[in-house]
Every structure is written in structure tokens, then in C-alpha cells.
Colleague: 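Questions regarding the structure given below will be posed in turn.
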Amino acid sequence: MQFHEVLDQALLRPITAEEALFLFRNTETNENMQLLFGTARAVRKAETGDVFRFTGGIASVTACRLRPLCQYCPYWRVKGQKPMPVEAIVEGAKYFHREGVRAFHLSGGTALGSKGKEVVRIVQRIYDAGLHDMKIKVNCGAAMSIDTMKELKKMGIASIGAVFEITNPEVFKCVKPGDDLERKLRFAWDIQEAGLRLDSGIMAGLGPKETRYEDYVKTLFDIASFPHLSSIYISKFTPDPTIPMHDWEKCSLEEACRLLAIARLIYRGIDLTTAAGWTEDERTQGIMAGAGTSLFSLAVNIKTDYWKDWVQRPSFIQDAMEYRDTRPNKRAMADICQVTIAE
Ligand code: SF4
């Protein structure tokens with residue numbers, strides 16, 4: 001396989017698993033890494049026109065009942081922690097609406113075996129507040145019945161999340177000991193049966209170094225096999241003193257960007273974004289490596305004490321909820337990266 005040939009072919013068609021592994025192994029030098037990023041940007045431009053859009057997100061809308069919690073996750077570690085009250089969720093949705101942002105996600109923890117009815121109640125309350133022109137994604141763990149998802153579809157929900165982070169079964173079991181990979185895979189197919197699109201995610205830097213590239217390729221292609229895939233985000237492993245993996249090495253920006261760029265060469269026009277673990281500055285590098293085209297810019301969350309170093313300070317606090325508006329940073333990013341934001 002020739003490096004330049006693989007990149008040339010990637011401009012014309014999705015790369016194969018063998019080519020993806022070849023690219024991971026051959027983009028450790030800065031020169032080749034930059035060539036990879038340039039190809040990923042070219043694919044993004046051809047597929048999406050490089051037009052970006054602001055989105056919002058409300059976190060902690062459902063509690064996580066996994067035991068043990070995922071080893072890399074700092075959420076839900078405070079005893080007695082409660083999910084966000086529905087009134088605050090509705091206020092968050094109204095805030096997005098006032099600011100002209102019409103797409104947002106609701107995210108929360110997993111309750112395995114749950115029918116997920118509380119999500120229906122939350123969405124209903126948002127619509128009852130008159131917010132009918134909002135595109136809502138739901139990402140509350142792989143725990144919801146098909147009937148609930150059909151109900152959500154009728155209400156106007158477009159997609160549901162089933163986030164794997166990694167699909168190597170042994171590693172999954174180690175880092176997500178309270179979760180169930182098989183069940184999650186079935187859930188991803190249930191989303192299709194309910195007539196909805198799938199949102200998923202991968203965490204860079206989560207697996208052992210020895211099999212990391214192979215694990216990335218397996219995870220990328222396992223997720224690519226879902227024909228109803230709508231979007232995918234790349235998180236970046238960041239240790240926090242509160243998590244069991246506190247002494248695991250932080251994922252480098254270069255590695256996360258290479259994962260993102262190779263994902264672009266596979267997923268093509270799909271919405272492919274940066275997520276937890278990326279600082280605002282690092283997100284600029286993510287766009288230069290092919291991320292896009294959503295820009296998560298308005299965030300509403302319960303006050304948190306983790307990841308203080310990389311999460312931007314709240315723009316304001318209202319009723320004990322933190323509101324963050326990073327649109328100014330995102331506009332600056334768009335200028336640097338020479339992409340357009342549709343406002
Ligand atoms: S399912 Fe999500 S919220 Fe729950 S422990 Fe795992 S990563 Fe954290």
C-alpha cells in the first residue's frame with residue numbers, strides 16, 4: 001500500500017478497514033499527519049460544503065444507575081446526586097430557542113432494563129412549553145424500549161444515541177464493567193426498528209496502547225455497519241482525580257485528531273464532532289482534522305466539580321444551573337479554519 005495512493009483514493013470513496021489501519025500506522029510523523037488532515041478536510045468540504053451550525057445540549061437529564069460506573073467517567077460519583085429537574089430542562093430549551101439555536105441534545109446516564117418513559121415525559125414538557133420547532137436528539141444510555149422510541153419518533157424526535165466508546169469486548173468489559181456490549185449492540189438495532197436514526201461515539205485514548213490502532217479500526221467499522229447512523233462524536237480520554245482511571249495517560253491531541261480524520265474518511269458526510277475532553281483551543285485543531293459540521297455551543301448543566309481545567313467557566317448561573325455560551329470562540333474558530341457558520 002502506498003501512502004499517497006491511499007489518500008488519493010480516500011478523496012473518491014470511503015476507505016477500507018485495511019487502509020484505516022495503514023493510515024493509523026503511517027501518520028505518526030507530522031508531515032503525514034498534516035496530509036491526512038488535509039484529505040479529511042477536503043472530504044468534509046466535498047460532502048458538507050463546510051457549512052457549520054450551532055447546537056445546544058442539556059446534560060444530566062436522567063441519572064446513571066450503572067454499577068460500577070464506567071471507569072473513565074466522572075459523572076454521578078457524588079452520593080445522592082439528582083438529575084436535572086424537568087423545569088430546569090425546559091428553561092434550558094427556552095434559552096436555546098431565545099438564542100436562535102433550534103437543535104439540541106438531551107444527555108443522561110444509563111438505567112439498564114429501563115423502558116425510558118421519563119424521557120417521553122421530558123420531551124412532552126418541552127413541547128408543552130410551545131417549543132415545537134426544535135430538533136431534539138436523545139442520548140440517555142442504551143436503555144429504552146422500542147415502544148418508547150416509537151412514541152418519541154411520533155413526537156418528532158429524529159435520533160437516539162447508543163455510544164460504544166470502544167467495541168473490543170475485553171476492553172469494553174474493563175472500562176465499562178457495569179454496562180453490556182451485546183445489549184448495546186441490540187439497542188442500536190432497536191433504534192432502527194423504531195424508525196429512528198442513530199447517534200454514536202468513540203473515546204480516543206481509552207484502550208491499551210498495544211492494540212489501540214486495531215481497536216480504533218474495529219470500533220469505527222462496527223459503528224459504520226449501522227445503516228441508520230446519523231452522527232458520531234469523538235471524546236478524548238482525560239483523567240480526573242475522581243475516576244478509577246485517574247492515572248491512565250491523557251490522550252494526546254494528535255492521536256485524537258488522527259482518529260477524527262480517519263473517521264471522516266470512513267463516515268464521509270456524517271456529522272462528526274469533538275466531545276468531552278477537548279478544550280476549546282483543541283476543538284480548532286479538531287476542525288482542522290475534519291470535524292464538523294455541528295458546533296456544540298450552548299450548554300446547560302447542573303453545577304459540576306470535575307474537569308475544571310478544560311471546561312470553560314459558566315457564562316451565567318441561574319437556579320443553580322450553569323449556562324455556557326461558547327459561540328464567540330466558535331466564530332473565531334470558524335475564521336481560523338475558513339469555514340462558514342450558518343446563523
Ligand atoms: S453510562 Fe455514561 S453516565 Fe453512566 S457511568 Fe457510563 S459514561 Fe458515565
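Whatever order the structure lists them in is the order used to number ligands and atoms, beginning at 1.
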Colleague: Are a donor atom and an acceptor atom from the side chains of E28 and N32 found within less than 3.5 Å of each other?
Modeller: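 Absent: no donor and acceptor within the cut-off.
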
Colleague: Atom 4 (Fe) of ligand 1: which protein N, O or S atoms are under 2.8 Å away?
Modeller: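 Checking every protein N, O and S atom gives C64 SG.
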
Colleague: Below 4.0 angstrom, counting only protein heavy atoms, does anything approach atom 1 (S) of ligand 1?
Modeller: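 Yes.
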
Colleague: To the nearest 0.5 Å, tell me how far I166 CD1 sits from L206 CG.
Modeller: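 The distance works out to 5.5 Å.
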
Colleague: Using 4.0 Å as the upper bound for N to carboxylate O, is an ion pair formed by E47 and R264?
Modeller: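 Answer for the salt bridge query: no.
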
Colleague: Should the pair K115-E151 be classified as a salt bridge under the 4.0 Å nitrogen-to-oxygen rule?
Modeller: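 Between E151 and K115 there is no salt bridge, as every charged N stays at least 4.0 Å from the carboxylate O atoms.
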
Colleague: Angle class for the W248/F237 ring planes (parallel below 30°, perpendicular above 60°, tilted otherwise)?
Modeller: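 The arrangement is perpendicular - the two ring planes meet at more than 60°.
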
Colleague: Which heavy atom of M84 sits nearest a heavy atom of I302, and at what distance?
Modeller: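 Closest pair (atom of M84, atom of I302, distance): N-CD1, 3.5 Å.
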
